[in-house]
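Report on one structure; see the data block that follows.
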Number of protein chains: 4
Amino acid sequence: MARTIDDNKIARIRQAALEMVVNSGYGGASISSIAQNAGVAVGYLYRFYPGKSELVHDLFYRTLKDLADKLEQILDDKHSFEEVLESLIRSIFEKANKQPEQIKFLYVLMHDYSFRMENEMRDRIYRLCRLMIEKGMKVGLIGPEIDEEQIFLLSVAYPLQFINMRMKNLFYQSDLSEKEIAATYSICLKSLSA
Amino acid sequence: MARTIDDNKIARIRQAALEMVVNSGYGGASISSIAQNAGVAVGYLYRFYPGKSELVHDLFYRTLKDLADKLEQILDDKHSFEEVLESLIRSIFEKANKQPEQIKFLYVLMHDYSFRMENEMRDRIYRLCRLMIEKGMKVGLIGPEIDEEQIFLLSVAYPLQFINMRMKNLFYQSDLSEKEIAATYSICLKSLSA
Amino acid sequence: MARTIDDNKIARIRQAALEMVVNSGYGGASISSIAQNAGVAVGYLYRFYPGKSELVHDLFYRTLKDLADKLEQILDDKHSFEEVLESLIRSIFEKANKQPEQIKFLYVLMHDYSFRMENEMRDRIYRLCRLMIEKGMKVGLIGPEIDEEQIFLLSVAYPLQFINMRMKNLFYQSDLSEKEIAATYSICLKSLSA
Amino acid sequence: MARTIDDNKIARIRQAALEMVVNSGYGGASISSIAQNAGVAVGYLYRFYPGKSELVHDLFYRTLKDLADKLEQILDDKHSFEEVLESLIRSIFEKANKQPEQIKFLYVLMHDYSFRMENEMRDRIYRLCRLMIEKGMKVGLIGPEIDEEQIFLLSVAYPLQFINMRMKNLFYQSDLSEKEIAATYSICLKSLSA
DNA sequence: GATGAATGAGGCTTCATTCAT
DNA sequence: AATGAATGAAGCCTCATTCAT
């Protein structure tokens with residue numbers, strides 16, 4: 001009888017929040033600017049989230065979950081360690097080209113001391129890194145000193161760093177094409193090798 | 001004499017600002033809390049900086065300059081590429097152990113889309129990376145595909161990532177001792193190698 | 001049939017509003033919480049009242065009218081002044097035991113400078129007090145200096161005060177039984193006596 | 001060196017808050033209206049109180065304390081029960097003539113279910129009522145059935161009721177002069193008498 | 001008739017900045 | 001020179017009210 005809820009609107013709120021946090025930081029992303037960019041009233045946002053903090057934390061969680069889901073799927077689908085690594089890096093680059101805000105957002109919040117990932121998510125990612133290590137060890141592509149931390153840093157954090165450095169146009173380049181995927185993969189593989 | 005007192009105060013302001021930004025984020029670092037922690041009056045702070053933004057940007061600049069100075073000095077002092085790389089990584093780890101706030105501060109702001117380094121600084125760092133590459137190429141320790149970007153990412157950003165991951169205690173470890181320096185150096189070297 | 005359902009709903013709205021105002025104050029009684037407690041939609045409420053203020057004012061009016069009706073009925077039924085006074089006090093106590101919200105509501109709004117009773121109601125209550133005085137004077141139970149104001153204060157406001165002080169448990173007691181009715185009646189009678 | 005704090009301003013804030021609460025209720029007394037009436041900036045208010053609630057509770061406490069102090073002083077100064085009762089009632093009337101807002105404020109909040117007096121204050125007032133009873137009992141002016149509650153209701157709450165009824169001009173009168181003091185005293189004394 | 005999604009004015013509070021002392 | 005009292009814009013959030021369905 002009443003208007004039905006507009007799924008579009010909540011999606012727009014999330015997208016606007018993502019963009020504002022990336023461009024202005026958490027503090028600079030005001031609720032009113034998010035609402036304005038999303039084209040909704042300020043109050044509407046509070047039907048879905050009890051506050052700004054919860055909104056951004058939820059976005060952080062969703063973005064991390066997307067990443068973990070992707071990695072899990074890759075580990076399921078791909079058989080060789082090299083395929084897994086290449087697919088992971090490729091999927092991160094592809095997302096960076098298709099949805100750059102999501103990658104920027106992940107990058108920004110992962111490096112913020114106020115946003116820690118929840119234990120459950122951390123453990124999940126830890127386990128997925130463990131699986132990668134096992135895959136790599138079996139075929140001797142990974143040195144015995146590599147642990148979960150380093151897998152994460154090199155196969156996830158390093159590509160993110162690279163991509164964002166390009167997006168920030170730090171050193172005069174901004175391409176994110178096959179050439180960059182190959183270079184990143186090569187560096188990552190070398191760094192992990194025995 | 002009056003000069004000395006002032007130098008002290010402004011140094012205290014900078015230290016307090018650094019700590020507040022690291023511990024509470026840019027938004028949470030209020031001018032009044034910075035002044036209080038520094039033991040100066042709010043108004044005093046405004047004699048040196050036109051506003052909060054300029055204060056933090058100046059700190060960011062100074063921290064980057066410290067890093068660049070260090071790298072420059074290492075490039076002057078050390079002759080082999082391996083020595084340079086090892087010294088750089090070691091100096092970052094040492095600073096992390098002695099002045100963790102500075103390392104955290106650098107880490108946090110380097111990854112913030114609202115804080116970009118000035119062109120002059122960027123060019124200086126670019127040139128220093130260029131010098132490292134040349135040193136490495138000459139002795140064949142660096143592959144031909146490695147550019148300034150990757151040098152920066154692997155010899156500076158990667159150690160920072162590693163250190164802060166430990167400081168955040170992401171994967172249940174927090175040590176930053178010789179063992180970690182060696183492992184970081186090893187990974188970095190492998191990733192750059194031809 | 002439709003009429004019956006509506007009567008039910010509007011009655012539930014009124015009851016919910018009463019309770020919310022008593023328990024959370026006028027400001028804390030939000031329209032949506034009233035609607036929720038009444039089990040109706042927010043919009044439904046606006047079919048009967050143009051706004052929150054009108055709803056609460058109407059409740060205030062109705063509660064006062066109940067009191068006036070009761071007093072009028074007592075004046076009709078009872079012959080002696082003492083009977084009238086006793087019955088009035090007793091009926092207030094009984095309502096406090098059966099429907100404490102109504103008594104609390106009356107108490108709260110009667111003492112609020114933003115809620116004044118309408119002139120018509122004021123005049124009606126004034127006339128009823130006049131009748132009580134006349135009844136009391138005739139048998140010499142009321143002193144010549146007693147006017148309508150004092151009758152109202154002592155036979156209505158004082159019992160309300162007493163009851164609510166007990167309900168607030170101000171001085172460690174909360175009983176509202178025969179003993180309290182008798183004591184209140186006694187005090188009231190003494191205070192009015194010649 | 002900096003401006004010295006302006007005691008006048010905080011007094012004006014308190015007075016403005018008192019008036020706003022009386023005239024518009026707690027909810028209607030907005031911080032901005034209080035600040036405006038006091039002639040200070042909104043933020044200035046927060047130098048003295050952490051929030052609106054604390055401001056109003058403090059005013060409530062101060063007003064109750066004034067009353068208790070006055071009663072205590074009267075009990076010290078005056079010897080006979082009659083003198084005490086008369087002085088108390090007179091002092092309430094005098095305050096009503098000189099500072100009507102304070103009396104209205106006390107009246108409004110004493111009857112609000114959200115504002116309860118603190119235990120310490122309650123106990124103090126309880127003890128003072130106890131002292132009055134003892135004074136009255138000794139000379140047989142108070143009936144044996146009178147307890148602290150009734151003393152409070154009749155010697156404090158009743159005069160407040162009377163005064164505020166006049167101030168609201170409920171029954172067409174608004175005088176608060178000697179005649180009214182005498183009538184109130186007479187009624188109060190009769191109601192307590194053995 | 002009924003619903004509840006959607007709005008936005010307005011409330012509380014914070015804090016960067018100014019300036020009288 | 002140095003202080004910190006004072007300001008008020010701007011942020012977060014609530015909720016009375018409207019209106020599409």
Side-chain angles (χ1 to χ4, degrees), chain A residues 1-7 9-10 13 27-36 39-55, chain B residues 2-3 5-6 9 27-36 39-55, chain C residues 2-3 5-6 9 27-36 39-56, chain D residues 1-7 9-10 13 26-36 39-55:
Chain A
M1 309 239 185
R3 255 167 287 186
T4 49
I5 213 156
D6 192 339
D7 280 343
K9 284 190 178 174
I10 173 68
I13 288 171
S30 74
I31 287 287
S32 75
S33 69
I34 292 171
Q36 191 155 43
V40 301
V42 180
Y44 191 61
L45 202 147
Y46 289 89
R47 291 191 137 278
F48 303 100
Y49 293 103
K52 173 177 159 174
S53 168
E54 288 83 358
L55 164 57
Chain B
R3 212 58 194 97
I5 290 172
D6 283 1
K9 281 192 179 176
S30 75
I31 287 287
S32 75
S33 68
I34 291 170
Q36 189 156 43
V40 303
V42 188
Y44 188 78
L45 197 149
Y46 280 88
R47 302 183 69 62
F48 299 95
Y49 291 104
K52 176 175 159 177
S53 168
E54 288 83 359
L55 165 57
Chain C
R3 217 49 200 103
I5 289 172
D6 284 1
K9 281 192 180 177
S30 75
I31 288 286
S32 75
S33 68
I34 291 170
Q36 189 156 42
V40 303
V42 187
Y44 188 79
L45 197 150
Y46 280 87
R47 302 184 67 66
F48 299 95
Y49 292 103
K52 176 174 159 176
S53 168
E54 289 81 359
L55 164 57
V56 180
Chain D
M1 305 243 190
R3 256 167 285 186
T4 49
I5 214 156
D6 192 340
D7 280 344
K9 285 190 176 173
I10 174 67
I13 288 171
Y26 178 79
S30 75
I31 288 287
S32 75
S33 69
I34 291 171
Q36 191 155 43
V40 301
V42 181
Y44 190 63
L45 203 147
Y46 288 88
R47 292 192 136 277
F48 303 100
Y49 293 103
K52 174 176 159 177
S53 168
E54 288 83 358
L55 164 57

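Chain naming here is simple, since letters A, B, ... match the order of the sequence lines and numbering starts at 1 in each.
Using a 4.5 Å cut-off on side-chain heavy atoms (C-beta onward), C:Tyr49 and C:Val56 make no contact. Residues D:Lys52 and D:Tyr26 form a side-chain contact, since some pair of their non-hydrogen atoms from C-beta on lies under 4.5 Å apart.
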Handout entry: Structure string for DNA chain E in dot-bracket form, Watson-Crick and G-U at under 3.5 Å, | interchain
Key = .||||||||||||||||||||
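Computed from coordinates, the D:Ile5 CD1 to F:dT3 C1' distance equals 13 Å when rounded to whole Å. F:dA5 atom C1' lies 15 Å from atom CD of B:Gln36, rounded to whole Å. At whole-Å resolution of the value, NZ in B:Lys9 and C1' in F:dA2 are 6 Å apart. The CD1 atom of A:Ile34 sits 8 Å away from the P atom of F:dC12 (whole-angstrom rounding). The CG atom of D:Leu55 sits 15 Å away from the C1' atom of E:dG11 (whole-angstrom rounding).
One distance of note links CG of B:Leu55 with CD1 of B:Ile34; it measures 5.5 Å at 0.5 Å rounding. Distance check: B:Ile31 CD1 to B:Leu45 CG gives 5.0 Å after rounding to the nearest 0.5 Å. Note that CG of A:Asp6 is 9.5 Å distant from CD1 of A:Ile13, once rounded to the nearest 0.5 Å.
Two residues, C:Phe48 and A:Ala41, neighbour DNA chain E, and the one matched to the more 5' nucleotide by heavy-atom proximity is C:Phe48. DNA chain E is contacted by both C:Gly39 and A:Gly39; C:Gly39 maps to the nucleotide lying nearer its 5′ end (nearest heavy atom per residue).
Other residues, nucleotides and ligands contribute only 12 or fewer heavy atoms inside 6.0 Å of the CD atom of A:Gln36.
Nearest approach of C:Glu54 to C:Pro50, heavy atoms of both residues: CG-CG, 3.6 Å.
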Exercise for the section: Can you check each nucleotide of nucleotides 13-19 of chain E against protein heavy atoms at under 4.0 Å and return B for base, S for sugar-phosphate only, - for none, in 5' to 3' order? Expected result: BBBSBBB
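Qualifying side chain to side chain donor-acceptor pair (under 3.5 Å) partners for A:Tyr46, counting only residues two or more places apart in sequence or in other chains: none.
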